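First up is the structure itself, then whatever we jot down about it.
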Amino acid sequence: MGGASQSRTAGGHAGLAAPAAQPLAGIALLLLSMWTLSSLDASGKWVMAAGVPMLLLSWVRYAAHLALALALIVPVKGWGILKSRRPREQMLRGGAMLGATLMFFTALRYLPQAEATAINFLAPLIVLLLAPWLLREPPRLSRWVAAGVAFLGVLIVIRPGGGLDTVGTIFGLLGAFCFSAQYIASRRVAGDDPLTSVIWSGGVGTVVLSFALPYIVPAALPALRGLDALHWAVLASTGVTGCLGHLLQIAAYRKAPASTLAPFTYLQIVSSTTTGWLIWGHFPDALTWLGIAVICGSGITIGIMEWRRAERQRRLAGAIRVPGNPG
């Protein structure tokens, strides 16, 4: 997860057309998006440590995202790309994404990047757990077991005596639920072009946070005056990496099917751990790695099971549609 609420799995790209058969290219693009989004997380944590308020950071992240998305997409697709078939659902999705951003950035103030990211890996499994009620999908014991195992992994990561801040842990868990809401909302805007969602997600966050600017900026001025050119550049980069991470993911899911890419999404823990170690010297201990392995293993296992189930249903549907040879 991480990426300050970027859409990743669980139907985040449900509106894409059937992908081309270029799995290696899709995997490479997905991995590149993970490093890009981990850079966003690290940049946000770094500028907050320098005194930039979280709400101001979030506004810059969304405003720069929106500006870049418009500059890259509109010249190619035209202004019609802004039109959504389901604007209400797009606003709900944007609101959930904003909530996830605020929760995750707050968690990053208190937690190492790897641990905060690991907690957010609960989100896809929460979606599977709630799917019978929210997505009207049939209940399955395997999903409940996977979610339970993943939660056990989270308990290992946030265990008493593990050194994690309680406030950061709570916000991390709240962020996971916000990510889940974002994924579910993404399923409801599947009829829109994914590029439309990229623009709307930046727009909703920018508009909402702009109302808070008159209250944020005056209090932040002392800290902002102390920033050097590098801090300003890193602050501005958060919107760039957020937007590019989105676009790279869209490109990845156009190259390869979600079933192929799903196991690789959990490799983001590698990019998050690496950036956290290089910048702050944070490296998870053995028990934390055990918890991370349990979370990722649960997600990968249920992902493979869901893919196999979908493949069986697809083959069965094909067999029913195609008449047999009478001989």
Side-chain angles (χ1 to χ4, degrees), residues 1-43 61-62 64-85 90 93-94 97 100-101 117 120 123-124 179 182-183 185-187 189-203 205 237-272 274-275 299 303 307:
M1 299 296 108
S5 83
Q6 294 304 308
S7 175
R8 287 184 173 74
T9 54
H13 299 284
L16 292 176
Q22 301 180 45
L24 293 180
I27 292 168
L29 288 166
L30 183 69
L31 295 178
L32 183 57
S33 77
M34 291 177 187
W35 282 96
T36 303
L37 296 171
S38 292
S39 298
L40 161 60
D41 298 339
S43 299
R61 176 255 178 276
Y62 277 101
H65 170 128
L66 177 61
L68 182 61
L70 291 172
L72 293 177
I73 298 172
V74 171
V76 178
K77 295 288 189 175
W79 288 103
I81 194 68
L82 273 65
K83 185 176 181 180
S84 170
R85 298 178 183 178
Q90 282 286 7
R93 179 183 179 276
M97 181 172 170
T101 298
T117 302
N120 276 281
F179 276 119
Q182 178 190 333
Y183 294 151
S186 295
R187 297 278 289 270
V189 297
D192 282 349
D193 190 306
L195 296 177
T196 303
S197 295
V198 171
I199 296 173
W200 275 74
S201 60
S237 77
T238 57
V240 175
T241 50
C243 181
L244 289 180
H246 245 322
L247 295 175
L248 285 168
Q249 286 186 350
I250 289 173
Y253 282 87
R254 281 178 170 158
K255 296 290 185 182
S259 57
T260 298
L261 298 178
F264 294 93
T265 60
Y266 289 89
L267 288 179
Q268 189 175 358
I269 196 65
V270 175
S271 56
S272 295
T274 302
T275 52
W307 171 73

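Quick caveat, the model's predicted, so the values are computed rather than measured.
Taking all atoms of both residues into account, the shortest heavy-atom contact from S38 to Q268 is OG-NE2, 3.5 Å. Taking every heavy atom of both residues into account, G299 and Y266 meet most closely at CA-OH, 3.1 Å. Of all heavy-atom pairs between M34 and S271, the closest is O-OG, 3.7 Å. What you find for S197 and Q90 is that their closest heavy atoms are OG-NE2, 3.0 Å. Contact record, S201 with H65: OG-NE2, 3.7 Å, taken as the closest heavy-atom pair. Residues G26 and A256 come closest through the heavy atom pair CA-CB, 4.1 Å.
When L66, I199, L68, L248 are each tested for a side-chain contact (heavy atoms from CB on, under 4.5 Å) with C243, only one passes: L68. Only one option out of L195, I73, L70 pairs with L82 in a side-chain contact (heavy atoms from CB on, under 4.5 Å); it is L70.
The distance from the OG atom of S33 to the CZ atom of F264 is 12.5 Å, given to the nearest 0.5 Å. Put simply, CG on L267 and CD1 on I27 are 9.5 Å apart, with the number rounded to the nearest 0.5 Å. Remark: K255 NZ to I250 CD1 distance equals 14.0 Å, nearest 0.5 Å. Interatomic distance, L37 CG to T275 OG1, rounded to the nearest 0.5 Å: 11.0 Å.
Side-chain contact, S84 with D192: a donor N or O sits under 3.5 Å from an acceptor N or O.
A donor-acceptor pair is defined here as one N or O able to donate and one able to accept, closer than 3.5 Å; no such pair exists between the side chain of T238 and the backbone of L40. Side-chain atoms of S272 do not come within 3.5 Å of backbone N or O of I269 as any donor-acceptor pair. Of the possible polar contacts, none joining the H246 side chain to the P194 backbone as a donor-acceptor pair under 3.5 Å is found.
W200 places none of its side-chain heavy atoms less than 4.5 Å from the side chain of M97. L72 has its side chain within reach of L247: a pair of non-hydrogen atoms, C-beta onward, lies under 4.5 Å apart.
Residues that satisfy the side chain to side chain contact (heavy atoms under 4.5 Å, CB included) test with A185, not counting sequence neighbours, are R93.
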